[in-house]
Number of protein chains: 2
Amino acid sequence: MLKYQQIAEEIEKYIEENELQQGEKLPVLDTLMSQFDASKSTVTKSLDLLEKKGVVFQVRGSGIFVRRHKRKGYISLLSNQGFKKDLEESHLTSDVIELKVRKPTAEAARNLNLELADDVYYVKRVRYINGQTLCLEESFFNKSIVTYLNKEIVSESIFNYIREGLGLKIGFSDMYLHVGMLTAMEADYLGMEEGAPKLDVETVFHLTNGQPFDFSIVTYNYEQSQFFLQANSQLL
Amino acid sequence: MLKYQQIAEEIEKYIEENELQQGEKLPVLDTLMSQFDASKSTVTKSLDLLEKKGVVFQVRGSGIFVRRHKRKGYISLLSNQGFKKDLEESHLTSDVIELKVRKPTAEAARNLNLELADDVYYVKRVRYINGQTLCLEESFFNKSIVTYLNKEIVSESIFNYIREGLGLKIGFSDMYLHVGMLTAMEADYLGMEEGAPKLDVETVFHLTNGQPFDFSIVTYNYEQSQFFLQANSQLL
DNA sequence: CAGTGGTCTAGACCACCGC
DNA sequence: CGGTGGTCTAGACCACTGG
C-alpha cells in the first residue's frame, strides 16, 4: 500500500474513532509530516485524497478541518457499485432473477462498444434493504472481459469478484439519471403500483485502461431512494 | 492564475478545439513538461485536475487519454449551481416569484446552523429551459453572509454575484436527492399534474472556510430531469 | 525491456487568515 | 506579522503496459 494512502487511512480512522465533528481542526501539516515521517507533498496528497472523498476540507492560512454530513440513511451516489459504505447498519440482500449469456440489446451494445453479435453476461437482480425492495438491477457484462459468472458470485458482490477473482482494475464510470414512472413489470418486481415514481440510474463502468466492461440499469423504488452527493466547487 | 490551472485549461481547450474523442492519446508527460516549461509535478497536478473533472484518464505505463461521455442534453449534477456548462446550447431563463427577508424554516435553520430568530434572504424562482419549465427553486441565504440581494441579481446568476459582487469564496456543498410526487402547489408552478413524479434536490452550500451560507430546495420536472455524473473508483 | 506514468523527497517561495 | 496551507522545482526511484 502506498504511503499517502496509508496516511489518508490513518487520518480517516483517527477522525472516526474520536468521533470528530464538522469543523473540528486536525493537527497542522508540520505535525502530520513528522508524525507520519513523510514529506510535505506526501501529506498534502493524502489530504487531497481525503478532501476528494469529502472527509476533510483545507483552508489556506487557517488549518485542516473535518467535513461531515448530517443525514443518515442516504445512499452515496459516488461510493460507486456497492453502497455498503453509507448503509453499513442496513441489511442488504439480493434475489437473482436471471443469469445467462446472451446478445446485448442495442442500447447495451452501444454503451459497451460491442457488436450485436458479441456475447454478454446478463444479470437481473432485485435488491432488498432491511427486507424492503430497494431496486431492480439489470446488468450487461462484456463477456470477453468478464469471462465467467455463476449464481454464487452474482448473489454476492460482483465487483469484488471482478477485482479479486479476475484481477481486473476498475477505473471510472459514467452515470445517467432519469426520473419516471414504473412500468407494470418493474412495479411487479418491486412490489409497487404501476405508474409510481421511480429513479433510473444507468451506469457504464470502465476499467482503468478505459475499456467499458459493464452497463447496468438500476430502477429504484422511490420510497427508498434517498441519495447523497458531495461536491467541491474548485473545479472552476 | 496558477500555472497548473493554466496548463489544465490549455489542455482542455486543445481537446475541445481538435474535437478529440474518447480514448484518443495526448502527448506524453515529457512533451507536456517541455511544452509548458513546467516540472513533472506541476503537469501531473494539471492532469489530476482534469481527471477529477472527467476530461482525461491516465493509465500508468501507457499514456494519457481523452475521456468523453456520449449523451447530450444531460445536466451535470456536479458542475454545481449554474448548469450552464453542459447545457450551453439550451436557453435558460428564470421567473422570480418571491424575494424577501424573513425568518428561516426549522429545516433551513438546521442546515445553515442558524437560530430561528436569525434573518435569511428567501428566493423562490421557476427556471425554464427552452421555454419549458425545468424546476422550482427555493433558497435560503444566511443574511449575515449574503448581506444584500435584489430582483436584478436574483433574476441572473446569484452565485456569480456572491463570488464577484460580494467577494466570497464558495467551497463545497452537500446534496440530498429524493424522488417523490408533485404537490398541488409544485405542480401548479411547473405546469404539471399533481402526483406526477419529481426529483427534489436539497443542497447546502459552504464557503471555503466551511460556513454554510445557502440552503436550497430544487424540485425538478421529471420530463426535463436528465442528470449526468462521472465517478472515479480510485477513492477506495 | 523500453516507454510511460506514479510516488516521494527536500527545500524555496508564495498567499491567505486571523490575531 | 506569525502561522499555516499551496505551488513549484529537480531529481531519484518505482511500477505498470505493451510490443
Side-chain angles (χ1 to χ4, degrees), chain A residues 1-9 11 23-52 56-67 145 163 167-172 206-211 232-235, chain B residues 1-9 11 23-52 56-67 145 163 167-172 206-211 232-235:
Chain A
M1 165 154 291
L2 295 169
K3 194 164 180 177
Y4 78 91
Q5 291 178 330
Q6 186 72 46
I7 294 173
E9 244 175 49
I11 294 176
E24 288 202 56
K25 196 167 186 290
L26 292 177
V28 300
L29 266 181
D30 268 334
T31 312
L32 295 173
M33 283 165 66
S34 56
Q35 186 171 329
F36 293 112
D37 189 32
S39 72
K40 188 170 178 175
S41 329
T42 304
V43 175
T44 298
K45 187 150 193 180
S46 307
L47 291 168
D48 287 347
L49 218 198
L50 291 176
E51 188 157 47
K52 209 159 74 172
V56 305
F57 61 95
Q58 302 175 74
V59 186
R60 162 143 40 180
S62 179
I64 304 150
F65 303 90
V66 174
R67 178 170 174 194
I145 300 174
R163 248 190 303 263
L168 295 172
K169 268 172 278 178
I170 298 168
F172 54 91
H206 305 255
L207 299 178
T208 46
N209 70 7
Q211 256 195 308
N232 287 295
S233 285
Q234 57 262 41
L235 299 184
Chain B
M1 166 155 287
L2 296 169
K3 195 165 182 177
Y4 79 92
Q5 292 179 329
Q6 186 72 45
I7 295 173
E9 243 175 50
I11 294 176
E24 290 202 54
K25 195 166 185 290
L26 291 177
V28 299
L29 265 181
D30 268 334
T31 311
L32 295 173
M33 282 166 66
S34 56
Q35 186 171 330
F36 293 111
D37 189 32
S39 74
K40 189 172 178 175
S41 330
T42 304
V43 175
T44 298
K45 188 150 191 179
S46 307
L47 292 168
D48 287 347
L49 219 197
L50 292 176
E51 188 157 46
K52 208 160 73 171
V56 304
F57 61 95
Q58 302 175 74
V59 186
R60 158 135 55 173
S62 179
I64 304 150
F65 303 90
V66 174
R67 178 171 175 195
I145 299 174
R163 247 190 303 263
L168 296 172
K169 268 172 277 176
I170 298 168
F172 54 90
H206 306 256
L207 299 177
T208 45
N209 70 7
Q211 256 195 307
N232 287 295
S233 284
Q234 56 262 43
L235 299 184

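Here is how names work: the chains are called A, B, and so on, in the same order as the sequence lines, proteins then strands, and each is numbered from 1.
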Nearest whole Å is fine: how far is [N] [atom2] from [X] [atom1]?
X	N	atom1	atom2	result
B:F36	D:dC8	CZ	C1'	16 Å
B:Q5	D:dC8	CD	C1'	14 Å
B:D48	C:dC8	CG	C1'	14 Å
A:K45	D:dT7	NZ	C1'	15 Å
A:L32	D:dG6	CG	P	12 Å
A:E51	D:dG6	CD	C1'	11 Å
A:L29	C:dG11	CG	C1'	15 Å
B:R60	C:dG6	CZ	C1'	4 Å

Any side-chain heavy-atom pair from [X] and [Y] closer than 4.5 angstrom?
X	Y	answer
B:L29	B:L47	yes
A:D48	A:Q58	yes
B:T208	A:V59	no
A:R67	B:H206	no

Does B:S62 make a side-chain N or O approach to OP1 or OP2 of D:dT17 shorter than 4.0 Å?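 The answer is no; no side-chain N or O of B:S62 sits under 4.0 Å from OP1 or OP2.
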> Does a side-chain N or O from A:T42 land closer than 4.0 Å to OP1 or OP2 of C:dT7, or not?
Replying inline: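 Negative; the distance criterion is not met.
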**Asked** More 5' along DNA chain D: A:V28 or B:K3, using each one's nearest nucleotide?
**Response**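 On the 5' side of the pair lies A:V28.
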Mind checking if [X] touches a base, just sugar-phosphate, or nothing, with heavy atoms under 4.0 Å?
X	value
A:I64	sugar-phosphate
B:D37	sugar-phosphate
B:K169	sugar-phosphate
B:K40	base

Legend entry - Nearest-nucleotide comparison on DNA chain C, the residue closer to the 5′ end among B:K25 and B:S41: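 Closest to the 5' end, via its nearest nucleotide, is B:K25.
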- Message: Judged by each residue's nearest nucleotide on DNA chain C, which is more toward the 5′ side, B:T44 or A:A38?
- Response: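 Nearer the 5' end of the strand: B:T44.
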Among D:dC14, D:dG6, D:dC8, the one nearest B:Y4 by side-chain distance: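 Nucleotide nearest to B:Y4's side chain: D:dC8.
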- prompt: Relative to the ring of A:F172, is the ring of B:F57 parallel (under 30°), tilted (30 to 60°) or perpendicular (over 60°)?
  reply: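 The rings of B:F57 and A:F172 sit tilted, inter-plane angle from 30° to 60°.
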